[in-house]
Every structure is written in C-alpha cells, then in structure tokens.
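To start, the structure under review is shown below, and the notes come after it.
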Amino acid sequence: MFFRRSLFPKPAREPLQRRVRDLEILSSRLIRAGFAGDYHSAFHGRGIEFAQVREYLPGDDIRSIDWNVTARTGSPHVKEFVEERDLTILVALDVSGSMSFGSIDWRKIDIAAELAAIFAFSAVQNSDRIGLLLFSNNVRKFIAPRRGVTHAQLIVRTAVDAAMQGCGGNADLNNAGQFLDRVSVKRAVLIVVSDFLDLDFEKAMRRLNRRHDVVAIGVSDPREERFPDRGLARLVDVESGERRLVDLARNDVARRAQLRASQLERRFRAAAIDHLFVLTAEPYDRALLRFFRERVTRRR
C-alpha cells in the first residue's frame, strides 16, 4: 500500500505531537509495503560471522562446502554464515533557509523530516542504531546514534520540531563533515538530505565517503524548475535576504534548472555517492523503494 500526500493536512498547521504521530503511521505503511526489508538489504553491517555447518541441500552454493566435515562424514556439508549487522545510521538534515521553500502545501524541510522518520523507524525494525544531525552554516543539533523505539521517536520529534520552528542560514556541509569527523568513531551509513543548492559540497562528500557509506537525497520544489515564461517577478533569497527584480521572459529558469541538475548528477557520480532526487509535489515512496533495490543490485 502506498500513501498519497492528501492523507495528511498541511504540516505547518499541525501540533508537534500530531505531526509526529502522522509520521509514525506513514512510516509503518512504508515498512509494511516492504521498505524495511529493502533498507536491510541495501545497508550492510561490518561483515559476516560463522553460524553452523549443515548437510548440503540442492541449490546450495558449492563454494560454501566445508570439505573437512564432508570428508569426515562422507556426505556433503556446507558452512552457514549470518550477517554481523551492528549498523549505525546517521541522518544529516539540511535546515538552511532554502529548505523552508515550498510552492504548494509541502516545503522541502517537511519532506526531509518525513525521510528522517522513515529511516528512524526502519532502523528500529532492523535493530540498528539511528542518529540525527541538523546543520546549516553551523551544527544546530546532534543526537548520538542509539537503538530503540523511544530513541527513534526522539529523532522524529527533533526533526519535526526543526521543520516547524523554521530554517535559516546557509548550508555548510564542510563544517558539518568536520563535526562528524570529531564525534563519529565507527563507520556509519550517512544519509544527507538537502536541496544541495550550494554546489560547493563535493570535497566534503568525498572525504565523508572515504570513512562512511554516504547516500545523498536531494529535495527540490517544482517552482525551482519552472516559472511562467513572461512578466516580472520580485524574488527574495531566503538565506541572504537579497531582493532582485527578474524579467521572466529573458531568464530561462527551466534551462538553468536542467543544467544545475546535470551538474549535481555529475558531481555525485564523480564522488562515487549513491543519490536520489525527490520532489515536494510528488509521492516519493516508489522512487525510494526502487532506489534501494537498484543499490542492492549495484552492490552485488
């Protein structure tokens, strides 16, 4: 079962507790639809450990045959291994000023908070640790990774509260990365959710990807890609406060947006970063499930 955005009221008008509860419902629907299983397959722990030896069955991989036991018993036996999970998920949410933009009902930060909730409750289903980092030009909040439902609910409340309180400042991923270098001892799956309007992120992402398994989720709004093709518009930069009068007939917004999207794609590929792009105006559940299934295929 897949959700539709109309199932939930506008997030900015909801009390904090109700919004958190709505996200628990949304997350449980995605998990029942198979997201938790795809999440489990897409992210692996530190390795595998030996579990037992059992008799060979048709279809078993012959590479797993234990030749010593086979010779001793006179019948084929195979080794079984289980994944040594011990996985840490760290969600880094961009709460800079540009994330507060949304041209319809949903702002980019609302989608980011939803994604944090989905990963938090999926981590609970898989007994993984989950942590949260809120960043703009500095680190706004850091919640160290832990396991458990109560901790996941804390993650969700913090992300939702950040969305409701408002965003501000410029996104500085390099600063956030330096903070993570100081506080992160173990390798983690680092999920960065941002609009990536500041293209000066490649060096920081490369450095983080050497230590962690980095996944980038870019959030954008249709109005950032399409404008009316005539008339004058007074635009305001929500991060700097700069105002500008733009002649839409002479400013090819769609072409510029397409060029920027191509630049993002090239930079993520150059940094070997798995990435996904979602829109505020479209359901992202199928795209998210497809992304993780493709990731599993690539990693094989």
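- How far CZ of R290 is from OH of Y284: 14.5 Å, rounded to the nearest 0.5 Å.
- Interatomic distance, S136 OG to M99 CE, rounded to the nearest 0.5 Å: 11.5 Å.
- Less than 6.0 angstrom separates the ring centroid of F201 from the ring centroid of F268.
- Taking every heavy atom of both residues into account, L90 and P145 meet most closely at CD1-CG, 4.4 Å.
- At least one side-chain heavy atom of I217 sits less than 4.5 Å from a side-chain heavy atom of F119.
- Counted within 6.0 Å of CD1 on I62, heavy atoms from surrounding residues, nucleotides or ligands total 12 or fewer; the atom is thus considered open.
- In this structure, the separation between CZ on R140 and OG1 on T158 is 13.5 Å, given to the nearest 0.5 Å.
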message: Working note: R72 + H77, criterion side-chain contact (heavy atoms from CB on, under 4.5 Å); need CA distance, chi angles, decisive distance, verdict.
response: CA-CA 10 Å; R72 189 166 61 248; H77 281 69; over 6 Å; no

task: Kindly indicate, with the supporting measurements, whether the criterion salt bridge (charged side-chain N to carboxylate O under 4.0 Å, His left out) is fulfilled by E202 and R207.
output: CA-CA 9 Å; E202 189 174 345; R207 190 181 72 250; over 6 Å; no

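- A pairwise comparison of heavy atoms in L197 and S98 identifies CD1-CB, 3.5 Å as the closest pair.
- Note: R269 CZ to I273 CD1 = 12.5 Å, rounded to the nearest 0.5 Å.
- In this structure, V139 and A176 approach most closely via the heavy-atom pair CG2-CA, 4.4 Å.
- Sparse packing is recorded around CZ of R146, with 12 or fewer heavy atoms of other residues, nucleotides or ligands lying under 6.0 Å away.
- More than 12 non-hydrogen atoms from other residues, nucleotides or ligands lie less than 6.0 angstrom from CZ of R54.
- At a threshold of 4.5 Å between non-hydrogen side-chain atoms, the residues R147 and I130 do not count as touching.
- Summarising the local packing, CD of Q178 is surrounded by more than 12 heavy atoms from other residues, nucleotides or ligands at distances under 6.0 Å.
- Atom-to-atom distance recorded for L133:CG and L180:CG is 5.0 Å, nearest 0.5 angstrom.
- Using a 4.5 Å heavy-atom cutoff, the side chains of D274 and F291 are in contact.
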field: Full working for side chain to side chain donor-acceptor pair (under 3.5 Å) between R266 and S262
entry: CA-CA 6 Å; R266 284 197 302 271; S262 298; 4.9 Å; no

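- For the residue pair S96 / N170, no side-chain donor-acceptor distance below 3.5 Å is found, with atom types taken as modelled.
- In terms of hydrophobic clustering, with Ile, Leu, Val, Met, Phe, Trp and Tyr side chains grouped at heavy-atom distances under 4.5 Å, L288 and W106 are assigned to a common cluster.
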task: Kindly indicate, with the supporting measurements, whether the criterion side-chain contact (heavy atoms from CB on, under 4.5 Å) is fulfilled by K79 and Q52.
output: CA-CA 6 Å; K79 295 179 181 178; Q52 64 176 353; over 6 Å; no

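- Annotation: side chain of F101 is not in contact with side chain of T280 (no heavy-atom distance under 4.5 Å).
- S103 and D221 share a donor-acceptor pair across their side chains, judged by distance under 3.5 Å alone.
- Here the straight-line distance linking atom CG of L154 with atom CZ of R157 works out to 5.5 Å at 0.5 Å rounding.
- Minimum heavy-atom separation, G177 to L208: CA-CD2, 3.9 Å.
- In summary, R295 and D213 engage in a salt bridge, as defined by a charged side-chain N under 4.0 Å from a carboxylate O.
- Looking at N175 and F135, their side chains never come closer than 4.5 Å, going by heavy atoms from C-beta outward.
- Of the possible donor and acceptor atoms, one in the side chain of H212 sits under 3.5 Å from a partner among the backbone N and O of A188.
- By the rule that hydrophobic residues join a cluster once side-chain heavy atoms approach within less than 4.5 Å of another member, W67 and V53 end up as members of separate clusters.
- At a threshold of 4.5 Å between non-hydrogen side-chain atoms, the residues I143 and H151 count as touching.
- Under a 3.5 Å cut-off, the side chain of N126 and the backbone N or O of A123 do not form any donor-acceptor pair.
- When all heavy atoms of D94 and S194 are compared, the closest pair comes out as OD2-OG, 2.7 Å.
- A side-chain N or O of T88 and one of R129 form a donor-acceptor pair less than 3.5 Å apart.
- Taken together through direct or relayed side-chain contacts under 4.5 Å among Ile, Leu, Val, Met, Phe, Trp and Tyr, V193 and F292 form part of one hydrophobic cluster.
- Counting heavy atoms from C-beta on, the side chains of L190 and V215 never come closer than 4.5 Å.
- Here E265 does not pair with R260 in a salt bridge; the nearest charged N to carboxylate O distance is not below 4.0 Å.
- Side-chain contact between I155 and F121: absent, with no pair of heavy atoms (C-beta onward) separated by less than 4.5 Å.
- Taking each heavy atom of A159 and A113 in turn, the nearest pair found is O-CB, 4.0 Å.
- When atom types are taken as modelled, the side chain of H275 and the backbone of L264 share no donor-acceptor pair closer than 3.5 angstrom.
- Cluster annotation: V192 is connected to V183 through the hydrophobic network of ILVMFWY side chains, with a link wherever side-chain heavy atoms come within less than 4.5 Å.
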task: Step by step, work out the side-chain contact (heavy atoms from CB on, under 4.5 Å) result for L115 and V91.
output: CA-CA 9 Å; L115 291 167; V91 181; over 6 Å; no

- prompt: Going through the checks in order, is the side-chain contact (heavy atoms from CB on, under 4.5 Å) test met by T70 and I65?
  reply: CA-CA 8 Å; T70 298; I65 292 178; 3.6 Å; yes

